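Report on one structure; see the data block that follows.
Source: prediction; values computed, not measured. As the structure lists them, so they are numbered: ligands from 1, and atoms in each ligand from 1.
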Amino acid sequence: MIREKAGDFKFSRGLEGVSAAISSITQINGEEGVLIYRGIPIEVMAEKSSYEETSYFLIYGELPTKKELGGFTEELKEYRKLNSKEKDYITKLPKEGHPMDALKTCVSYLGMEDPPPPGEKQTIEGFLKNGKKIIAKIPSFVAAFNRVRNDKEIVPADDSLSHAGNFLWMLRGEKPSEEAEKILDLAIVLHADHGMNASTFSCYVTSSTLSDMYSTIVSGIGTLRGPLHGGANERVVAMLEEIGSPDKAEGYILNALKEHKKIMGFGHRVYKAYDPRAKILKDYAKKLSEERNLIATAIEVEEVMLGKLSDKGIYPNVDFYSGFAYKSIGIPTDFYTPIFAISRVAGWVAHAVEYRKRNRIFRPRAIYHGPINIQYTPIEERE
Ligand code: COA
């Protein structure tokens, strides 16, 4: 039996420090805490752009003209409507399931409803068209699942509303306030892309086999769900509620660190400085959120963590303060990660399309480190 030696291939645990693609979508400087979408800093996008415009920019590489943005927005509005079969399908999902599982299932269903041609026959335009359909449909699926699990009617999409506003409308069946729509729009602009993160890498791998866009996005959703990635935001709010008040923060954190527990919402593979998205969301939370006790607790947790771990490059990441934005507009906690998916899908589609233009299948190696020359013992003779 051939045994591969550790020296045969380069190895990096968790692929740390490895570049897996060349991309012109998002630039991150982790040492200085800088995030740039296609040449424009995230702070500028957060202040000036909308989710629709940001998605267009990420996908097509240039800011749209009024006409282009209008056309793109109309396309999304058309795709976001749920047909009767889709609604029927959602009503049959187990109500007690996690919304991320519902979302994964719905995107799979969408791929079966309108099956794309085999990968080698699919054009870039067709691949992208499926991507736009998914970007538009994901918020409708998430909102409809929430209605169904609460025994309420599914709310039809409203063409007069923006991407963020329509999601809130379909979720609750009431027109959102201007402020709620703005907060959600800001949060989804901030989360729309983040370079080669774990879920985007999953999308790259799936798409690189010339698989279809639906399978690509399902891979991304499955990867985003985990607590080390998009699932962290739900756990941050749960942790702050468990701590209860600022005076209990220090004891709680020191105890958790003594037990070698990870504190959710802190640390990042790339950022060794303050995550710029967390800064924007923290400012928002301090100014606007009514959850004063929870914010005071979060700020105290941050101080204790920085005192203990900032010399290791551990700072709050985007998930530490994003929950405040969602909580302030009445979104249920288990919908925080689906909202991350509602946003990140633009980045997943943009990367999949970009990579498809110069595709090469991902096929790394594993270094075999296990037994060799083992005799096969018949089952009757095994103890
Ligand atoms: N709380 C406490 N310690 C942390 C930590 C956290 N949130 N994040 C990292 N560390 C420590 C690790 O214990 C490890 O310490 P050691 O060197 O003494 O063993 C060191 O920092 C490196 O951590 P590691 O898990 O190897 O870093 P990574 O680059 O593989 O992982 C994350 C990055 C994001 C997965 C990690 O920081 C984490 O689990 N954070 C919490 C989950 C989270 O908020 N995820 C959302 C990311 S946007």
Side-chain angles (χ1 to χ4, degrees), residues 11-20 26 28-31 33-35 42 100 187-203 220-243 249-282 285 297-326 333-334 336-345 347-348:
F11 172 63
S12 167
R13 228 168 109 76
L15 298 183
E16 181 165 9
V18 173
S19 300
T26 287
I28 306 171
N29 178 335
E31 297 306 316
V34 175
L35 168 61
I42 192 67
M100 282 299 271
I188 62 179
V189 166
L190 292 178
H191 286 80
D193 191 44
H194 209 230
M196 187 63 80
N197 55 88
S199 56
T200 305
F201 184 50
S202 284
C203 292
I221 296 170
T223 307
L224 186 69
R225 191 189 191 309
L228 297 187
H229 191 9
N233 54 13
E234 287 179 27
R235 284 158 178 88
V236 170
V237 172
M239 174 186 76
L240 295 175
E241 283 173 344
E242 192 188 328
I243 296 174
E250 184 169 15
Y252 181 99
I253 294 298
L254 295 183
N255 206 28
L257 291 179
K258 209 157 73 193
E259 289 173 13
H260 303 288
K261 286 194 183 142
K262 289 238 176 114
I263 309 301
M264 291 295 128
F266 283 85
H268 201 275
R269 175 64 66 75
V270 181
Y271 291 121
K272 301 302 167 201
Y274 214 108
D275 181 330
R277 302 164 300 171
K279 250 188 218 164
I280 298 170
L281 288 168
K282 179 182 178 186
T297 308
I299 290 172
E300 193 53 36
V301 166
E302 180 184 326
E303 266 180 35
V304 177
M305 282 294 283
L306 293 187
K308 282 272 153 201
L309 293 175
S310 62
D311 56 347
K312 266 174 114 176
I314 295 177
Y315 289 86
N317 59 49
V318 70
D319 286 321
F320 194 60
Y321 288 105
S322 62
F324 288 100
Y326 307 142
T333 313
D334 61 352
Y336 295 178
T337 314
I339 290 178
F340 200 153
I342 286 175
S343 168
R344 183 57 55 86
V345 63
W348 293 335

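- Scanning the protein for heavy atoms near atom 33 (C) of ligand 1, the closest one is Arg269 N, 3.8 Å.
- Contact detail for Val318 and His191: the closest heavy-atom pair is CG2-NE2, 3.5 Å.
- With respect to atom 10 (N) of ligand 1, the closest heavy atom belonging to the protein is Ile314 CD1, 3.2 Å.
- For atom 6 (C) of ligand 1, the closest non-hydrogen atom on the protein side is Ile263 N, 3.5 Å.
- Note: an N/O pair closer than 3.5 Å links Gly265 and ligand 1 by distance alone.
- Side-chain atoms of Tyr274 and Glu302 form a donor-acceptor pair, as typed in the model, at a separation below 3.5 Å.
- Without hydrogens or angle criteria, Arg344 side chain to Gly230 main chain gives no donor-acceptor distance under 3.5 Å.
- The single protein non-hydrogen atom nearest to atom 45 (N) of ligand 1 is Leu228 O, 3.1 Å, given as residue, atom name and distance.
- If you check which protein heavy atom lies closest to atom 16 (P) of ligand 1, you get Lys312 NZ, 3.4 Å.
- Inclusion of Val318 in the set of residues having an N or O under 3.5 Å from an N or O of ligand 1 is not warranted.
- Under the 4.0 Å distance rule, the nearest protein heavy atom to atom 30 (O) of ligand 1 falls inside the cut-off.
- Distances from atom 19 (O) of ligand 1 to the protein include no heavy-atom value under 4.0 Å.
- Taking atom 47 (C) of ligand 1 as the reference point, the nearest protein heavy-atom neighbour is Asn317 ND2, 3.6 Å.
- For the atom pair CG (Asp193) and CG (Leu35), the distance works out to 8.0 Å, reported to the nearest 0.5 Å.
- Distance check on atom 22 (C) of ligand 1: every protein heavy atom falls at or beyond the 4.0 Å cut-off.
- Between the side chain of His229 and the main chain of Ser199, a donor-acceptor pair closer than 3.5 Å is present.
- Few gaps surround NZ on Lys272; more than 12 heavy atoms of other groups in view lie less than 6.0 Å from it.
- Tyr271 and His194 have their aromatic ring centers within a separation under 6.0 angstrom.
- The Asp319 neighbourhood of ligand 1 comprises atoms 46 (C), 48 (S), with distances under 4.0 Å to a heavy atom of that residue.
- Side chain of Asn255 to main chain of Ile253: no donor-acceptor pair is present (N/O by atom type, distance under 3.5 Å, no hydrogens or angles).
- Take Lys261 and apply the salt bridge (Lys or Arg N to Asp or Glu O under 4.0 Å) test, not counting sequence neighbours, and it matches Glu259.
- Protein heavy atom closest to atom 12 (C) of ligand 1, with residue, atom name and distance, is Lys262 CE, 4.1 Å.
- At the shortest separation from atom 34 (C) of ligand 1 among protein heavy atoms lies Gly267 O, 3.6 Å.
- Residue Ala232 has at least one heavy-atom neighbour below 4.0 Å for each of these atoms of ligand 1: 43 (C), 44 (O), 45 (N), 46 (C).
- No donor-acceptor pair closer than 3.5 Å links the side chain of Ser202 to the backbone N or O of Gly220.
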